[in-house]
S.K.: 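Here it is, the structure in full.
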Amino acid sequence: MSKQVAVILSGCGVQDGSEIYETTLTLLRLDQLGIGYRCFAPDIDQHDVIDHLSGEARDDERRNVLVEAARLARGDIMPLDELESDEFDAVILPGGFGVAKNLSTFAEDGADLVVQAGLKDALAGFYEDRKPIGLMCIAPVMVPRLLGPGIAVTIGHDPGVAGAISAMGGLHRSCGVEDIVVDFENRVVTTPAYMLATRIGEAATGIFKLVDRIDELMDL
């Protein structure tokens, strides 16, 4: 496997970490294309812990983002601060509320969000070296803070989130669940995934397109 992709996770579980289906579909498509990958996550405490059965917060419980993300990676994962962009050809960020809680403060601060310092540092090398960057679901909301203004992205067509992206200087493009938005100049690829998906098959179509386009961009 000559191509290598870094996959950055934010925990495990849609309500307080990485969306499990989005992550699994991303890893599946990379493997189907013969692309190697390594998972990373920040070694920090989660913002909160959500009972995924009741949807309620467990105020008496604390969890670590890296430890939880290891569930998705079957233990084969490294701390985000050990990610070296020169060892990879591209990077992909699945969604889930962990993006808005652990990788950034979007859940609380909206357009005033602050991104996790280690994440910005990790992506800087990819962007500077013009290596493809893929983001899905809610993750594209971080792009103006992570990479700068004027980059076209999509989260689907949620007016509140789209407005926050615009307020931060980003360019939001409406998009269907089974499609992608590509900013060729900045080599950024985004798809709505579970911002819109009602079935895993819908999410898979857009996610597979995103990974396929990342694969193509790695050859350019």
S.K.: Has Lys209 got a side-chain atom pairing as donor or acceptor with Glu178's backbone, closer than 3.5 angstrom?
M.R.: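 Between the backbone of Glu178 and the side chain of Lys209 there is a qualifying donor-acceptor contact (under 3.5 Å).
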S.K.: For Ile155, does its backbone N or O pair with a side-chain atom of His172 as donor and acceptor, under 3.5 Å?
M.R.: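 Flag set: sc His172 to bb Ile155 pair under 3.5 Å.
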S.K.: Check the hydrophobic clustering (I, L, V, M, F, W, Y; side-chain heavy atoms under 4.5 Å; chains of links allowed) and say if Leu80 and Leu146 are grouped together.
M.R.: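 Result: yes, single cluster for both.
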S.K.: Could you report the tightest heavy-atom contact between Pro94 and Val99, atom names first, then the distance?
M.R.: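 Here Pro94 and Val99 meet closest at O-CG2, 3.5 Å.
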S.K.: Main chain of Gly55, side chain of Gln15: is a donor-acceptor contact present, judged purely on distance under 3.5 Å?
M.R.: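 No, the answer is negative, given that no donor and acceptor are paired below the 3.5 Å cut-off.
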S.K.: Any side-chain heavy-atom pair from Val7 and Leu30 closer than 4.5 angstrom?
M.R.: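 Yes; the side chains approach each other to less than 4.5 Å.
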S.K.: Indicate, with yes or no, if Phe126 and Leu93 share a hydrophobic cluster defined by side-chain heavy-atom contacts under 4.5 Å among Ile, Leu, Val, Met, Phe, Trp and Tyr.
M.R.: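 Yes; tracing contacts between hydrophobic side chains, which count when under 4.5 Å, links both residues.
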S.K.: Which pairs of donor and acceptor atoms, one on a side chain in residues 113-120, lie under 3.5 Å apart (sequence neighbours left out)?
M.R.:
{"unit_1": "Gln116", "atom_1": "OE1", "unit_2": "Gly118", "atom_2": "N", "d": "3.1"}
{"unit_1": "Gln116", "atom_1": "OE1", "unit_2": "Leu119", "atom_2": "N", "d": "3.0"}
{"unit_1": "Lys120", "atom_1": "NZ", "unit_2": "Arg145", "atom_2": "O", "d": "3.3"}

S.K.: Using side-chain heavy atoms (C-beta onward) and a distance below 4.5 Å, is Met168 in contact with Val141?
M.R.: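 A side-chain contact under 4.5 Å exists here.
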S.K.: I need the Asp129 CG to Asp89 CG distance, nearest 0.5 Å.
M.R.: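 With rounding to 0.5 Å, CG (Asp129) is 11.0 Å from CG (Asp89).
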S.K.: Within the 4.5 Å heavy-atom criterion, are Cys12 and Ile20 side-chain neighbours or not?
M.R.: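 Side chain of Cys12 against side chain of Ile20, heavy atoms only: contact under 4.5 Å found.
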S.K.: Among His47, Gln46, Glu68, which residue meets the side-chain hydrogen bond (donor to acceptor under 3.5 Å, both in side chains) test with Arg63?
M.R.: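 Only match with Arg63 under side-chain hydrogen bond (donor to acceptor under 3.5 Å, both in side chains): Glu68.
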S.K.: Tell me, yes or no, whether the heavy-atom count around Phe97 atom CZ, taken from other residues, nucleotides or ligands under 6.0 Å, exceeds 12.
M.R.: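 For Phe97, atom CZ is not crowded (no more than 12 foreign heavy atoms under 6.0 Å).
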S.K.: Above 12 or not: heavy atoms from other molecules or residues under 6.0 Å from CZ of Phe208?
M.R.: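 Check passes, neighbour count above 12.
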S.K.: Atom CG in Leu9, atom CZ in Arg71: separation rounded to 0.5 Å?
M.R.: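 Reported to 0.5 Å precision, the distance equals 13.5 Å.
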S.K.: Between the side chain of Glu22 and the main-chain N/O of Gly95, is any donor-acceptor distance below 3.5 Å?
M.R.: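 Pair found, side chain donor or acceptor close to backbone of Gly95.
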S.K.: Pick one: which of Val182, Val181, Ile92 meets side-chain contact (heavy atoms from CB on, under 4.5 Å) with Val189?
M.R.: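 Looking at Val182, Val181, Ile92, the match for Val189 under the side-chain contact (heavy atoms from CB on, under 4.5 Å) is Val182.
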S.K.: Answer yes or no: is there a side-chain heavy-atom contact under 4.5 Å between Cys39 and Thr23?
M.R.: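 No. Closest side-chain heavy atoms not under 4.5 Å.
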S.K.: Using atom types as modelled and distance alone, determine if a side-chain donor or acceptor of Thr154 lies under 3.5 Å from a backbone N or O of Gly156.
M.R.: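 Looks like yes, one N/O pair under 3.5 Å.
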S.K.: For Lys3 and Asp219, run salt bridge (Lys or Arg N to Asp or Glu O under 4.0 Å): C-alpha distance rounded to whole Å, both residues' side-chain angles, the deciding distance at 0.1 Å, then the answer.
M.R.: CA-CA 9 Å; Lys3 296 176 183 176; Asp219 291 328; 3.0 Å; yes
S.K.: Would you please classify the geometry between the Tyr194 ring and the Tyr21 ring as parallel, tilted or perpendicular, with 30° and 60° separating the classes?
M.R.: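 Plane angle between 30° and 60°, so tilted.
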S.K.: For Val188, is there any backbone N or O sitting under 3.5 Å from a side-chain donor or acceptor partner on Arg213?
M.R.: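 No, because the side chain of Arg213 does not come within donor-acceptor range (under 3.5 Å) of the backbone of Val188.
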S.K.: Check whether Val161 and Val143 end up in the same hydrophobic cluster, where Ile, Leu, Val, Met, Phe, Trp and Tyr are linked by side-chain heavy atoms less than 4.5 Å apart.
M.R.: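 In one cluster with Val161: Val143, yes.
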S.K.: Considering non-hydrogen atoms only, spot the tightest contact between Leu210 and Gly134 and give its length.
M.R.: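 Scanning both residues completely, I find the closest heavy atoms to be CD2-CA, 4.2 Å.
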S.K.: If the threshold is 4.0 Å, N to carboxylate O, is there a salt bridge linking Asp16 and Lys101?
M.R.: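 Lys101 and Asp16: not salt-bridged.
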S.K.: Is the closest side-chain heavy-atom distance between Asp212 and Leu33 below 4.5 Å?
M.R.: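 Yes, side chains in contact.
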S.K.: Can you tell me how far CE of Met218 sits from CD of Gln4, rounded to the nearest 0.5 angstrom?
M.R.: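 Between Gln4 CD and Met218 CE, I get 9.5 Å after rounding to 0.5 Å.
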S.K.: Side-chain heavy atoms nearer than 4.5 Å, only ILVMFWY residues, links allowed to pass through others: does that put Ile8 and Val67 together?
M.R.: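 No, Ile8 does not connect to Val67 through the hydrophobic network.
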S.K.: Pair Ile151, Tyr127 - check side-chain contact (heavy atoms from CB on, under 4.5 Å), show working.
M.R.: CA-CA 12 Å; Ile151 300 174; Tyr127 189 61; 3.7 Å; yes
S.K.: Is there a side-chain contact between Ile207 and Met136 in this structure, where contact means two heavy atoms from C-beta onward sitting under 4.5 Å apart?
M.R.: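 The answer is yes, as the side chains (C-beta and beyond) meet within the 4.5 Å cut-off.
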S.K.: Closest heavy-atom contact between Gly150 and Leu171?
M.R.: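 Looking at all heavy atoms of both residues, the shortest contact is O-CD1, 3.4 Å.
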S.K.: What's the shortest heavy-atom distance between Pro140 and Thr190, and which atoms?
M.R.: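 Shortest heavy-atom separation between Pro140 and Thr190 comes out as CG-CG2, 3.6 Å.
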S.K.: Can you name the closest pair of heavy atoms from Ala164 and Ala111 and give their distance?
M.R.: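 So the minimum-distance heavy-atom pair works out to O-CB, 4.0 Å.
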S.K.: What are the two closest non-hydrogen atoms of Leu103 and Pro42, and how far apart are they?
M.R.: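 Leu103 and Pro42 have their closest heavy atoms at CD2-CG, 3.8 Å.
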S.K.: Could you check whether any side-chain N or O of Asn102 sits under 3.5 Å from a backbone N or O of Ser10, counting only pairs where one atom can act as donor and the other as acceptor?
M.R.: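 Present.
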S.K.: If I take atom CZ from residue Arg58 and atom CG from residue Asp48, how far apart are they, to the nearest 0.5 angstrom?
M.R.: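 Rounded to the nearest 0.5 Å, the CZ-CG separation comes to 12.0 Å.
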S.K.: Is there a donor-acceptor pair closer than 3.5 Å between any side-chain N or O of Arg187 and the backbone N or O of Arg130?
M.R.: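 It does hold such a pair.
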S.K.: So, Asp31 and Tyr37: side-chain donor and acceptor under 3.5 Å apart, yes or no?
M.R.: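 No pair is found: no donor N or O on one side chain lies under 3.5 Å from an acceptor on the other.
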S.K.: Quick one: side-chain contact (heavy atoms from CB on, under 4.5 Å) partners of Val177, sequence neighbours excluded?
M.R.: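 Listed in chain order: Leu196, Ala197, Glu202.
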S.K.: Should Leu147 and Asn186 count as side-chain neighbours, where that means a heavy-atom distance under 4.5 Å?
M.R.: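 Result no, sub-4.5 Å side-chain heavy-atom pair not found.
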S.K.: Going by the rule ring pair (Phe, Tyr, Trp, His ring centres under 6.0 Å), which residues pair with Phe106 if we only count those two or more places apart in sequence or in a different chain?
M.R.: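 So Phe106 forms no ring pair (Phe, Tyr, Trp, His ring centres under 6.0 Å) with any residue.
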S.K.: Kindly compute the distance separating CG (Leu72) from OG1 (Thr24), expressed to the nearest 0.5 Å.
M.R.: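 Going from CG on Leu72 over to OG1 on Thr24, the span is 6.0 Å.
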S.K.: Do Leu25 and Ile200 come close enough that some side-chain heavy atom pair is under 4.5 Å?
M.R.: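 Side-chain contact under 4.5 Å: yes.
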S.K.: Any chance you could lay out the side-chain contact (heavy atoms from CB on, under 4.5 Å) test for Val91 and Leu123, step after step, and finish with the verdict?
M.R.: CA-CA 8 Å; Val91 60; Leu123 289 190; 3.6 Å; yes
S.K.: Report the distance from atom CG of Leu83 to atom CZ of Phe40, rounding to the nearest 0.5 Å.
M.R.: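 Reported value, rounded in 0.5 Å steps: 4.5 Å.
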S.K.: Applying a strict under-4.5 Å side-chain criterion to I, L, V, M, F, W and Y, I'd like to know whether Val5 and Leu217 cluster together.
M.R.: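 They do share one cluster, since a chain of ILVMFWY contacts under 4.5 Å joins Val5 to Leu217.
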